[in-house]
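Single-structure report; data block below.
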Amino acid sequence: MWETEIELTVAQAADANKVIDQLTGQLGLYTFENCGERLNVALPLLKASIDMGAAATRLLMIDPVQYGNAAEAMFRPQLERYLRAVYFASPNLTTDKQVVA
């Protein structure tokens, strides 16, 4: 009954995972040498967010019915890490003093 929806979910998760793998590859080029405090805080948060997205899409690729709830539960902590990365990386949102503290 739900075969079409399951196949579509798996296909979309696979497409999303390809993009995530590309992002992971690009972020891997950044090193922590000679970077400021902002990047020392923001990059690990961004990488953690992307890793959680990769885990969620892989769960959906395996079995969206069995693991769909787990993948959905990962969305909030993934989004929180992403928003923290944006917050700490942006000089318009936080000062250098706040980043260090």
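- With sequence neighbours left out, the salt bridge (Lys or Arg N to Asp or Glu O under 4.0 Å) criterion links Arg38 to Asp96.
- Between Ala13 and Met61, the shortest heavy-atom distance links the atoms CB-CG, 3.7 Å.
- Within the structure, the side chain to side chain donor-acceptor pair (under 3.5 Å) test picks out no pair touching residues 60-71 (sequence neighbours left out).
- Tyr82 and Leu43 fall within a single hydrophobic cluster, where Ile, Leu, Val, Met, Phe, Trp and Tyr side chains are chained together by heavy-atom contacts under 4.5 Å.
- By the criterion of side-chain heavy atoms lying less than 4.5 angstrom apart, applied directly or through intervening Ile, Leu, Val, Met, Phe, Trp or Tyr residues, Met52 is not grouped with Leu83; the two fall into different hydrophobic clusters.
- Within a 6.0 Å sphere centred on CD of Gln98, heavy atoms belonging to other residues, nucleotides or ligands number more than 12.
- Remark: Arg84 pairs with no residue by the salt bridge (Lys or Arg N to Asp or Glu O under 4.0 Å) rule, at least two apart or across chains.
- In this structure, CG on Leu27 lies 5.0 Å from CG on Leu46, to the nearest 0.5 angstrom.
- Atoms CG and OH, on Leu93 and Tyr87 in that order, are 7.0 Å from each other to the nearest 0.5 Å.
- For Leu45 against Phe88, the heavy-atom pair with the smallest separation is CD1-CD1, 3.9 Å.
- Side-chain atoms of Thr57 come within 3.5 Å of backbone N or O of Ala54 as a donor-acceptor pair.
- Of all heavy-atom pairs between Arg81 and Ala48, the closest is CD-CB, 3.7 Å.
- Taking the side-chain contact (heavy atoms from CB on, under 4.5 Å) definition, one finds that Leu8 meets it with Gln12, sequence neighbours left out.
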Which pairs would a plain distance check flag for residues 70-78, meaning a side-chain donor or acceptor within less than 3.5 Å of a matching protein atom at least two apart in sequence or in another chain?
| from | atom 1 | to | atom 2 | distance (Å) |
| --- | --- | --- | --- | --- |
| Arg76 | NE | Glu80 | OE2 | 2.9 |
| Arg76 | NH2 | Glu80 | OE2 | 3.4 |
| Gln78 | NE2 | Ser49 | O | 3.4 |

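- A donor-acceptor distance shorter than 3.5 angstrom exists from the side chain of Thr24 to the backbone of Ile20, with no hydrogens or angles considered.
- Residues that satisfy the side-chain contact (heavy atoms from CB on, under 4.5 Å) test with Asp15, not counting sequence neighbours, are Lys18.
- How far CD1 of Ile50 is from CG of Leu23: 5.0 Å, rounded to the nearest 0.5 Å.
- Taking CG of Leu60 as the start and CZ of Arg58 as the end, the distance is 12.0 Å to the nearest 0.5 Å.
- Hydrophobic cluster membership is shared by Val86 and Leu79, with clusters built from Ile, Leu, Val, Met, Phe, Trp and Tyr side chains linked at under 4.5 angstrom.
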